[in-house]
Amino acid sequence: MLGHILGRIVQALLVMLVMSALVFVGVYAIGNPIDVLIGPDVSQEMRLETIARYGLDRPLWEQFFTFLGRVLHGDFGRSFVFGMPVLDLILSRLPATLELTLAAVFGAALIGVPAGIYAGYKPDSLLAKIIMAISILGFSVPTFWIGLVLIITFAVELQWLPAGGRGETASLFGVEWSFLTLNGLSHLLLPALNLAFFKLALMTRLARAGTREVMLTDTVKFARAAGLSEWTVLRRHVLRLIAIPIVTVFGLEFASTLAFAVVTETIFSWPGIGKLIIDSITSLDRPVMVAYLMLVAFVFITINFLVDLTYVALDPRLRKARA
Amino acid sequence: MSDSAKTAPLLEVRDLATHFHTRAGIVKAVDGVSFSLKRGEVMGLVGESGSGKSITGFSIIGLIDPPGKIESGSIRLEGRELIGLPSRDLRAIRGKAISMVFQDPLMTLNPVLTIGAQILLALEAHEKVSAEEGRRRAIAALAQVRIPEPETKVDFYPHQFSGGMRQRVAIAIALLHRPKLIICDEPTTALDVSIQAEILAEMKELVAELGTALIWISHDLATVASIASRVCVMRYGKIVETGPVLDVLTRPQHPYTQSLLDSLPSRAKPGTFLARGGGVPDASPPARMSGASPSRGSKSDASYFVIQDVSKLFQTPPGILRLLGQKLGLSQPSRGVQAVDSVSLTVPRGEALGLVGESGSGKSTLGRMAAGIYAPNSGTVRLEGEPVMGGGERPHKNTTRIQTIFQDPFASLNPRMSIGDSIAEGPIAHGIVTRAGAAEYVRQWLAAVGLDPAFASRYPHQFSGGQRQRVAIARALAMQPDVVVCDEPVASLDVSIQAQIINLLMRLRSELNLTLIFISHDLSVVRHLCDRVAIMYRGRIVEEGPAGQIYDNPRHDYTRRLLAAVPVLPTAPPA
Amino acid sequence: MKQASPLARFWNEFRESKVALAALVVVVLMIGVALLAPWIAPQNPYDLANLALSDARRPPGYVGSGGFTHLLGTDAQGRDLFSAILYGLRISLQMGLIAGSLAFTLGVTLGITAAYLGGRWEAFIMRIIDLQLAFPAILLALVISAVLGQGKFQLIAALAAAQYAYFARTAHGAAAAERGKDYVEAAFSTPLPARRVVWRHILPNCLPPLIVVATVQVANAIALEATLSFLGVGLPVTEPSLGMLISNGFQYMMSGRYWISIYPGVALIILIVAINLVGDQIREQVNPRLRR
């Protein structure tokens, strides 16, 4: 078991290294950042001097290794646009995205899984059909369009909820959070709903498919033959058996929700890292892009690793095989 | 309990009808079944697949899922009508008064819960128990079904048990509340014959000890005969014959029962056509192409088909990291499974060799190496001195002279090809027939295996299991092989269909002068078909010899145990 | 007895679902409308000679200077929105189908090759695919289109690169499952050449799950393209897809001119929902575990 974990850690580090190289080369290929850094009217000398200052005249591999060395010290460089250290910039935006993502993913799981189990348990009932109709909508309708509709309906027409921004925040562990104030919560609701819609559909469909298959197995038939109540069968057998794919998807979706927050944050002007990356792509702010992509890669690899460990906890068959 | 309840039968089923409303129409799975069962009585319910025997069992315990529905009739347990009971009352009966054991113990237990947890759930379904009390009772229940070290085993997960042990756990759960009736639906079909014998013996003891009535549902007359006192024979949703086991099996009244018995190879003289096998076609297979086999002599030479020292080790290929780790000496190569361990066999021309063993003995792997499907890790397979597999990085079979017939006719035919195309594909690719002549060639082969030649354009899903197996035989033989490896070709078929396929194989073998390697777990089929028998156990051949000698005078311990475990049918007392 | 081929059987079963059949009709209709857009549309919305600024941002039903009724209103440049939607549909479908087929070809080739090669190569290829699958498609498409710059072909490349991995994994899973089946062993034991076994036996039997993935992925590609265009990193302004129409109307939404954004959105959603409904029915039919 320990060997397995160690192996995974080595693998994760390798992946991280490959990712950083890919990201660096990829981002390097985008445009010429010098045009962003200085106006077109500066002298040629100034221009060369700036290029030298940012190390942009060095060969690519040298820039990469300088970059790697700095990253190991927690230094991602300075943003071309904001002029502040990238790490600070991202860390200041991260809590907003984090609370949005967590609210969306947990909301989706808490509603989607029970709804999906119900729809899989009674696939022919009217409620199940309604659940599936909603889920196919959630699955199909692009996130940005749902965002627009939510804004029109709840912000423009009904004027119940604000259309953008984070609202009031309160401090916890030295970080500002929206969910701690009523006003912040009202600002959080629409974007979280928007972001959750697709995940909700996904969780529902996944739980439904799993439940339908498990309900047909001999395991369930045998449990029923032993006189277990339907509730016990669902709670103790079905839920345990469908948990493995759901946890996998939950983990992966958490990470992809971080990425999808790009869209929601743009629509609701939510000041998170998603909005930051879109802005930095349009303004060719290389250090921010590199740091953001590496952060996402890091989150992904960490979550994959955790999901893998959860597997072992959930499925006893894997314990021996991987020991 | 009133007097009438005491004298009344434990279970009384009257005119039970359970139908399935499918897209294709109504299937009358159970169509007017009546029988009654006394307290502590053991009854066998026998029939071929689709006879409605399992559905009868599920109807009694009230577990018919849509689109199935109990249409009419009555099921009374100690005089109380079960049909139409609210689901809550039915649930109170399930597991408490009536319980059930299923066919495949791999599928019935929940893989992610410990045995103890699953027993506790079944306990809590009918009574309130504390955690310690539950654990104590779980251990006692495991001890009751002869599971060694129940105190530790109670915390095991199902995958840590063998198939037989899992079925014991399922039985322990079924017995938990001392039910008045247990329904066992093919409980030993998925198990090896030696495990089956143990479970049969233990089950017999347990029900006698507890006074539980038992309905033993099976396709196998012999297992029923060894446990039940009374038997009902089912066909097409109806009971065609019922009576004491000995009477029914020795003096069957209904022609169907008679035909079932006549289909069994164990009751026929080895090497003869089975009486009810029927269906042997009159048409002869097409003539062999000249030049299809280079050296076809009639003399029997001992070194015709030689398997020499073959071994097969199944190993998952290591990933790149692990490979690196091994190179650096950080990790060990994974051990893998030694399926076949240096086995040698020689089959003379025209012989039928039976390869017998239980699951995991390596018999199928050996068969696939003989057929050139798997490359052995070491050793060689040669036909008249020619190696069957070519060498190199990716070994590939280089002869068409050996062909294979597989166990599952549902899996061995490509569902997306018409059977005509399936049969013709190989012969065309190897120039045995021309593309133009293929249609006629296929028609001749279909006739030779007893199918309507017009079926060539149909797809596998349009055929029954027996018909598909005929197609698979035609496909193998259309390659005009000299040696045919048959891997459990009749194991998934009903006895009457099995008899037809056995007869067909015997006829084609003699007509085409085939050399046969016949792999089976079923000792009676092998005895019937084969001249010589090799017994496999844990990847090795433990005993080999002429069929008569192995069966009548086994020398190896394992062979003896295997033969002793086979349940035997009672034979008629001499008149 | 009818000589029902598996395909005919499939179609007969498909027809039984009214919803799926209706969805299929909608998909076919929308493809037809998109193909015929230049002939059906009342106006060529990208011929600047047709546009008049006085017609800009008019609500549905307005009769403009062109002399015809703007059924769905006009946009900020005075284009007839209905015409713009027809042309946008054309571009969106084009992108979805081209990117989808490209991803399909690439992914299936990779997946089946991996399953066919087996051993170390299989492990290596699938490890990379898994790695990529762990990365969200939208981010990948975003970065790739940022790297390659704006343009039709760049976007197609980005979409295909973001999606081929799904096909690869599905194809590999299906092929690996088929590889272990008896009929493939039967074909190998004939012995047929490996290439023939892959083409004639393995590939056709992998198609059902691949078709399911293909429908979902074409729908996803269309949605992804719309999202990227909405974010401003997708198609250039000269190729206005539905996503871009929605994006263009976004700024007028707060002032109550909802139609500029909403109607292209409705068209987009009808298209995607219909494709997904068709895909859902196919999925139900090819899932062997749910068959009775």
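Proteins come first, then strands; the chains are lettered A, B, ... in the order of their sequence lines, and each starts at number 1.
Both the backbone and the side chain of C/R200 come within less than 4.5 Å of a heavy atom in chain B. Neither the backbone nor the side chain of B/P427 has a heavy atom closer than 4.5 Å to any heavy atom of chain C. For B/L413, the part lying under 4.5 angstrom from a heavy atom of chain C is the backbone only. Of the two parts of B/F20, neither the backbone nor the side chain holds a non-hydrogen atom closer than 4.5 Å to a non-hydrogen atom of chain C. For B/I402, the part lying near chain C is the backbone, with the side chain staying farther off; criterion is any non-hydrogen pair under 4.5 Å. Heavy atoms of B/T399 lying under 4.5 Å from chain C belong exclusively to its backbone.
With contacts defined as side-chain heavy-atom distances shorter than 4.5 Å, the pair B/M417/B/E425 qualifies.
When ring centroids are compared, B/F463 and B/F455 come within the 6.0 Å threshold.
The aromatic rings of C/W121 and C/F124 lie perpendicular to each other, with more than 60° between the two planes, well past the 30° mark. In this pair, B/Y441 and B/W445 present their aromatic rings perpendicular. The plane angle is above 60°, beyond the 30 to 60° band.
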Apply salt bridge (charged side-chain N to carboxylate O under 4.0 Å, His left out) to the pair C/D182 and B/R368, showing each step before the final yes or no.
-> CA-CA 11 Å; C/D182 283 352; B/R368 277 164 158 71; 3.3 Å; yes
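Taking the ring centre of C/Y116 as origin, the terminal cationic atom of C/R179 falls outside the region bounded by 6.0 Å and 45° from the ring axis.
Chain B forms more heavy-atom pairs under 4.5 Å with one residue of C/E185, C/K181, C/E122 than with any other, namely C/E185. In terms of heavy-atom pairs under 4.5 angstrom with chain C, the leader among B/R475, B/Q403, B/Q407 is B/Q403. Chosen from B/I405, B/N414, B/I373, the residue pairing most often with chain C at heavy-atom distances under 4.5 Å is B/N414.
From C/L210, atom CG reaches atom CG of C/L203 across 7.5 Å, with rounding to the nearest 0.5 Å.
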